[in-house]
K.L.:
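My structure is below; once you've seen it, I'll send some questions.
Everything quoted here is computed from the prediction, not taken from an experiment. In what follows, every chain begins at residue 1, and chains take the letters A, B, ... in the order their sequences are listed.
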Amino acid sequence: MIVGKQKPFDEIWDMVKGFKKVLVYGCNTCVAICHAGGSKEAELLASMLRMRAKQEGLDLLIDSAGIERHCEPEFFEPLDEKVKTYDLILSTACGVGVNFLADRLAGAIPVYPGINTSFYGAVPEAGFFVELCGGCGNCILHLTGGICPIVRCSKSLMNGPCGGTDKGKCEVSSETDCAWFLIVERMKKLGTLEKLFEVQPPRDWSTATHGGPRRISLEHIRAYEAEEEKKATLTGEGK
Amino acid sequence: MKSGSNLERVIASGKMAVTAELGPPMSADPHEVIHKAGQLKGFCDAANITDCQTAVVRISSIAAAFIAQREGLEPVMQMTCRDRNRIAMQADLLGAAALGLKNCLCIAGDHQKFGASGKLKGHPGAKNVYDVDTCQLVGIMKKMRDEGLQQGGDKLEVAPKFFIGASWTPMGDPMDFRPYNLKKKVDAGADFIQTQGIYDMELFKSQMEKARNLGLHERTAILAGIIVPKSAMMLKYMDSSVAGVTVPKELIDRMNKAKAAAGDDKKKMRELQEQEGIKIAVELVQQALEIPGIKGVHIQAIEWESAMEPIVKAAGLYPRPVLPAE
Amino acid sequence: MADVAEAAEQILVSTVEAPHDTPADWTPNVLAFACHYCAFAAADLAGVMRLSYSPSVKIIRLPCTGKLDHIHILSAFEKGVDGVFAAG
Amino acid sequence: MFAARRIEYVKTLLKKVGIDPARLEMYNLSAAMGPRWAEMCDEFVDRIRNLGPSPIWLASRKQSEKGVTEQ
């Protein structure tokens with residue numbers, strides 16, 4: 001899932017204080033699970049902002065709301081009218097949600113981010129999140145025992161550990177496992193260590209963020225949707 | 001000859017090679033490079049010019065290598081994968097070759113977080129590159145030299161002729177994988193290898209045996225890394241804090257003994273430790289040269305370039321061979 | 001002894017809040033969230049025993065303090081109460 | 001104790017908005033502790049009296065005073 005962390009309160013306050021009517025808008029999917037931007041966090045943040053506004057003597061109306069997801073248009077619809085009555089939307093969704101809502105509002109109302117979107121991660125234990133995938137668009141986990149060297153190695157090395165591995169830990173921090181140490185140990189257990197002996201050539205990074213914004217289009221689904229829409233228009237006309 | 005560099009000629013002649021290290025300054029003043037080059041000249045076949053080691057901004061490796069070369073010291077320019085993507089790397093390689101540089105050592109480079117240690121602020125917030133890693137950089141350089149092609153496939157009118165090096169940490173974790181790590185660098189095209197500093201010769205011998213079993217000593221020239229110890233404190237630090245380096249207790253004891261012999265005299269304390277350090281370095285050099293498959297030594301007298309002369313002389317490696325260019 | 005009292009007073013001066021004068025007409029306004037089965041029963045007992053305690057405390061009874069949500073506490077402060085305690 | 005953990009968390013939020021976390025507390029007591037309840041209430045009210053009015057209360061008052069004078 002997408003993991004984020006709420007921005008420092010003072011930073012949020014600086015974003016918000018010049019406005020009159022603000023909606024703190026939560027998203028109840030990924031960022032709710034990491035306690036950063038669900039309806040609950042949006043509600044608390046709104047209350048804190050109101051208290052700050054009161055102390056600063058600012059006449060600021062701050063409400064909160066939340067919807068299931070900020071990355072699909074259907075979920076926005078029930079609140080569209082309400083949203084239009086504010087002069088700032090402070091979104092506590094991930095960066096995808098902020099972008100998507102800003103596009104939807106098309107410059108009519110600004111959308112500001114309430115959280116820092118951090119990484120794709122897992123939750124090995126409650127309240128603890130780790131990055132496990134870089135979303136590079138060209139997966140090689142079959143070659144590395146299911147451990148991603150692109151994000152779990154601090155140098156994204158593709159051909160084995162650097163000289164900085166110390167007692168199985170990364171040179172960047174003694175609290176970070178060396179990904180290549182883990183990969184070698186995993187491959188030994190799997191009995192496939194020899195897969196690591198081949199030199200991996202330079203990667204094509206154009207599938208990562210280096211080839212411009214990425215898109216995936218499922219033509220069979222889009223064709224079906226278009227057909228359904230056409231049918232609906234036809235029957236509509238028939239009436 | 002692949003590059004015709006002095007280092008390559010010495011290695012090809014079958015004589016034991018000696019390389020040294022020269023760290024460029026955090027300054028726009030070339031005089032420190034010139035001064036250090038003067039101290040090293042004549043006591044090594046080539047000297048590595050580090051590339052912003054510990055991720056601290058210094059005179060660039062290429063520029064410092066060019067200055068050293070002008071002073072008559074053959075440089076091994078280093079190139080880290082940290083700061084350049086493949087476009088900048090290849091552009092720099094063409095530029096370096098055009099300036100007459102002939103040796104290049106490929107390394108991953110210290111992570112940018114390293115820069116913020118001790119008194120220095122460094123640039124821990126920098127964006128690192130790591131477009132390619134060491135093996136891949138070696139491969140790119142080989143392809144440029146041998147096929148006259150850029151990594152992307154475009155032709156080079158004149159190919160850069162480099163003697164290609166790579167580093168090896170024989171005693172780093174995971175230790176049983178390290179010989180294969182070396183094999184990958186050799187497979188990629190490394191002509192010579194310089195190892196991380198070695199104090200534990202017995203352990204190094206066993207890693208070398210594994211490398212020999214893979215036939216690597218015949219396909220590349222392995223130079224054993226020797227870091228000249230300056231004090232007992234430095235040895236203890238290297239043992240506890242430097243990745244892939246273990247220092248046998250007896251070496252630390254020897255340094256402590258030398259320190260104790262000076263009593264309370266601080267100056268003498270330093271002198272005696274430095275003398276002992278040079279003695280230890282000479283012994284390590286001699287032991288390393290006896291290991292089958294070793295083709296030379298990479299002696300690093302970090303910020304202590306004047307130590308090169310006594311070490312090379314005492315180890316019987318002086319004078320350095322003078323070989324005519326082809 | 002005076003020193004100790006002075007020090008104690010200094011500790012009680014908030015480091016988070018801006019210094020301010022206390023208006024003469026202010027009286028503390030404290031909200032207590034009490035668990036029905038323990039603290040609220042204790043409060044009840046205090047009443048039965050005719051024990052006198054500060055009239056500034058208003059009690060909200062909860063089935064269990066586990067029901068107490070973050071937002072309930074923040075809302076209370078937002079409304080201007082001077083202190084909140086939960087008892088369970 | 002879920003409540004105790006929540007209280008600790010809300011204390012951090014209060015601090016961020018400039019309210020002294022000492023204005024919030026968690027107490028544990030049993031049904032039989034009538035006298036302790038009375039004592040606890042007095043203690044806490046004393047603490048609050050020492051801290052003075054909450055910044056929010058002060059801000060509200062200032063605002064309403066301003067409202068009155070403007071009118």
K.L.:
At a heavy-atom distance under 4.5 Å, which candidate from D:A32, D:P21, D:G18 has the highest pair count against chain C?
P.N.:
D:G18
K.L.:
Find the distance between CD1 (D:I7) and CG (C:L68) and round it off to the nearest 0.5 Å.
P.N.:
5.5 Å
K.L.:
Does the side chain of C:V57 come within less than 4.5 Å of D:V45's, by heavy atoms?
P.N.:
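Side chain of D:V45 against side chain of C:V57, heavy atoms only: contact under 4.5 Å found.
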K.L.:
Is there a side chain to side chain contact (heavy atoms under 4.5 Å, CB included) between C:L74 and D:V10? Walk through the geometry before answering.
P.N.:
CA-CA 8 Å; C:L74 280 192; D:V10 176; 4.0 Å; yes
K.L.:
Count the heavy atoms belonging to other residues, nucleotides or ligands that lie under 6.0 Å from NZ of C:K67, then report whether that count exceeds 12.
P.N.:
no
K.L.:
Of the non-hydrogen atoms in D:D42 and C:S52, which two are nearest, and what is the gap between them?
P.N.:
OD2-O, 4.1 Å
K.L.:
Quick check: do D:R23 and C:E17 have side-chain heavy atoms less than 4.5 Å from each other?
P.N.:
yes
K.L.:
Where on D:L58 is there a heavy atom nearer than 4.5 Å to chain C: the side chain, the backbone, both, or neither?
P.N.:
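For D:L58, the side chain is the part near chain C, not the backbone.
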K.L.:
What are the two closest heavy atoms between D:P53 and C:P23, and how far apart are they?
P.N.:
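Taking D:P53 first and C:P23 second, the nearest heavy atoms are CG-CD, 4.0 Å.
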K.L.:
Once you round to the nearest 0.5 Å, how far does CZ of C:F77 lie from CG of D:L14?
P.N.:
5.0 Å
K.L.:
I'd like to know whether NZ of D:K15 has more than 12 heavy-atom contacts from other residues, nucleotides or ligands below 6.0 angstrom.
P.N.:
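Open.
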K.L.:
Determine, step by step, whether C:Y53 and D:E39 satisfy the side chain to side chain contact (heavy atoms under 4.5 Å, CB included) criterion, reporting the C-alpha distance in whole Å, the side-chain angles of both residues, the deciding distance to 0.1 Å, and the verdict.
P.N.:
CA-CA 7 Å; C:Y53 60 89; D:E39 200 181 295; over 6 Å; no
K.L.:
Taking 4.0 angstrom as the limit, do C:D82 and D:R47 come out as a salt bridge?
P.N.:
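Looking at D:R47 together with C:D82, the answer is no, because their closest N to O distance does not fall below 4.0 Å.
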K.L.:
Of the backbone (N, CA, C, O) and the side chain (C-beta and beyond), which part of C:I59 lies under 4.5 Å from a heavy atom of chain D, both, or neither?
P.N.:
side chain
K.L.:
Checking D:I48 against chain C: side chain, backbone, both or neither under 4.5 Å from a heavy atom?
P.N.:
both
K.L.:
Select, from C:A87, C:A86, C:C64, C:G80, the one with the greatest count of heavy-atom pairs under 4.5 Å involving chain D.
P.N.:
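With the most close heavy-atom pairs to chain D, the winner is C:A86.
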K.L.:
To check you understand the geometry: which heavy-atom pair defines the closest contact between D:G34 and C:L45, and what is its length?
P.N.:
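Looking at all heavy atoms of both residues, the shortest contact is N-CD2, 3.6 Å.
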K.L.:
Supply the atom-to-atom distance C:W26 CH2 to D:R61 CZ, rounded to the nearest 0.5 angstrom.
P.N.:
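Rounded to the nearest 0.5 Å, the CH2-CZ separation comes to 11.5 Å.
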K.L.:
Who among D:A59, D:P35, D:A22, D:S60 has the most heavy-atom pairs with chain C under 4.5 Å?
P.N.:
D:P35
K.L.:
Rounded to the nearest 0.5 Å, what's the gap from CZ on D:R49 to OG on C:S54? Could you check?
P.N.:
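Going from CZ on D:R49 over to OG on C:S54, the span is 6.0 Å.
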K.L.:
In Å and rounded to the nearest 0.5 Å, what is the CH2 to CG distance from D:W37 to C:D44?
P.N.:
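Between atom CH2 of D:W37 and atom CG of C:D44 there are 10.5 Å.
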K.L.:
Considering only heavy atoms, which portion of C:V48 lies under 4.5 Å from any heavy atom of chain D: side chain, backbone, both, or neither?
P.N.:
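Contact with chain D: none, neither part.
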K.L.:
Determine whether C:H70 and D:Y9 make a side-chain contact, defined as any pair of heavy atoms from C-beta on separated by less than 4.5 Å.
P.N.:
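Heavy-atom side-chain distance check passes, below 4.5 Å.
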K.L.:
Which atom pairs, donor and acceptor, lie under 3.5 Å between side-chain atoms of residues 27-41 of chain C and protein residues at least two apart or in another chain?
P.N.:
unit_1	atom_1	unit_2	atom_2	d
C:H36	ND1	C:R61	NH1	3.2

K.L.:
Can you name the salt bridge (charged side-chain N to carboxylate O under 4.0 Å, His left out) partners of C:D69, sequence neighbours left out?
P.N.:
A:K40
K.L.:
Heavy-atom distance under 4.5 Å to chain D: side chain of C:H20, backbone, both or neither?
P.N.:
side chain
K.L.:
Could you tell me the separation between the OG atom of D:S54 and the NZ atom of C:K79, rounded to the nearest 0.5 Å?
P.N.:
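Between D:S54 OG and C:K79 NZ, I get 12.5 Å after rounding to 0.5 Å.
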